[in-house]
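In what follows, chains carry the letters A, B, and so on, assigned in the order in which the sequence lines appear, proteins first and then strands, with residues in each chain numbered from 1.
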Amino acid sequence: MNQYRIATWNVNSIKVRLPHLLQWLEQQSAKNQPIDIIGLQELKLTEDKFPFDEIEKAGYYSIVSGQKTYNGVAILVRKEALSLVTQDRETAFLDFQKNIPGFEDEQQRLIAATIHLKNIQPLRFICGYFPNGQAVGSDKFSYKLKWLEALQSYLHAQLLQHSRLLLVGDYNIAPKDEDVHDPAKWIGQNLVSDDERKYFFQMEEMGLIDSYRLFDQIPKSFSWWDYRMMGFRRNAGLRIDHILISPALKEKAALCAIDKTPRTWEQPSDHAPVIITINQ
DNA sequence: ATGGCCGCGCGTCGCGGA
């Protein structure tokens, strides 16, 4: 059976992490499990500085919404996986969109495109770098909630147009206490507070499914670990990177996993990639 | 021990990250 693998990864600077990205993509291909689409977050550079050529040499087309120093998101698609009619750079990403329509924002946090892979129906792929929020009650937290509010309306409209939709990225929300290494310590804090979790649950009420929880997972599985305090070695992490899928994709989902391998490499991103496997 | 780490920028500390 044909399967496709779709991933998300907050790379925390594409300039610094390009070798890791290329190594990881190569490693997946070598296992005969190539990543067909990947959403990247926290590029921390403008589009003119994005390494399009190196990534294309590795077999991927990219589209980018970049910003100096902060934020920035991209979608990569494996050229070989593209359908015959969308094999060119110009047709690989259809209905390409940067930012949430109608939401004025300097910060580059969202990018979306429709992608036609070989032998399967088109996928609407939305990649988001949700605001961090800094601290509950801060200005940045208000911005986070406004952004989440705008995202809800956008998603509602997108779901009406696209039955096969994925929303991937760094949500900066740990939806449940099982997604938190020490829930008692984190109670009510940024990333975990009810105010932001409410939006995650609203997305689920809209029909979106947290694909990671469709499958058995090891307890205390996380996607981010603080650089400080030996977070990774102590497994003091949070699960804040997610792949939500629309109902039409639920029966097609075969697996969802976090790959901690790149987090063990020298000079890693603080986030690990999350991968969903979709049956044809 | 509530800190400790990173990446970035006209930088050699402050900010943002989560």
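Rounding to whole angstrom units, CG of residue Asp182(A) and C1' of dT2(B) are separated by 13 Å. Whole-Å rounding puts the Met230(A) CE to dA1(B) P distance at 16 Å. With rounding to whole Å, Lys144(A) atom NZ is found 14 Å from dG16(B) atom C1'. The nearest whole Å value for the distance from the CG atom in Asn71(A) to the C1' atom in dC15(B) is 13 Å. Taking atom NZ on Lys140(A) and atom P on dC15(B), their separation rounds to 10 Å, with Å as the unit.
Between dT12(B) and dC8(B), the two C1' atoms lie 13 Å apart (nearest whole Å). Only the C1' atoms considered, dA1(B) is 31 Å distant from dG11(B), to the nearest whole Å. The same atom, C1', is picked in dC10(B) and in dC15(B); the two are 16 Å apart, to the nearest Å.
Residue-level contact check: Glu42(A) touches the backbone only, with heavy atoms under 4.0 Å from sugar-phosphate atoms and none from bases. No contact: Tyr171(A) has no heavy atom under 4.0 Å from any strand.
The side-chain contact (heavy atoms from CB on, under 4.5 Å) search around Thr86(A) returns Leu82(A), Ser83(A), Thr91(A), Leu94(A), His116(A), not counting sequence neighbours. Tyr60(A) is linked by a ring pair (Phe, Tyr, Trp, His ring centres under 6.0 Å) to nothing, counting only residues two or more places apart in sequence or in another chain.
Residue pairs that meet the side chain to side chain donor-acceptor pair (under 3.5 Å) test with at least one member in residues 179-188 of chain A, sequence neighbours left out, are Asp179(A)-Arg213(A), Asp179(A)-Arg239(A), His181(A)-Trp186(A).
Side chain to side chain, Ser223(A) and Asp241(A) meet the donor-acceptor criterion of an N or O pair below 3.5 Å.
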Symbol by symbol from the 5' end, with Watson-Crick or G-U pairs under 3.5 Å, [ ] crossing and | another strand, DNA chain B is ....(((((...))))).
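With salt bridges taken as basic N to acidic carboxylate O contacts below 4.0 Å, one links Glu56(A) and Arg89(A). With respect to Lys198(A) and Glu149(A), no salt bridge is recorded, no charged nitrogen being found less than 4.0 Å from a carboxylate O.
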Given protein heavy atoms under 4.0 Å, the one-letter contact record of nucleotides 3-9 of chain B, with B base, S sugar-phosphate only and - none, is simply BBBSSSS
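Gln41(A) pairs in a side-chain hydrogen bond (donor to acceptor under 3.5 Å, both in side chains) with only one of the listed residues (Asp170(A), Thr8(A), Asn10(A)), which is Thr8(A).
The six-membered or imidazole ring of Trp265(A) lies away from that of Trp24(A), with a centre-to-centre distance of 6.0 Å or more.
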Would you give me the side-chain donor-acceptor pairs under 3.5 Å for residues 61-68 of chain A, sequence neighbours excluded?
| residue | atom | partner | partner atom | Å |
| --- | --- | --- | --- | --- |
| Ser65(A) | OG | Gln108(A) | OE1 | 2.7 |
| Gln67(A) | OE1 | Asn71(A) | ND2 | 3.1 |
| Gln67(A) | OE1 | Gln108(A) | N | 2.8 |

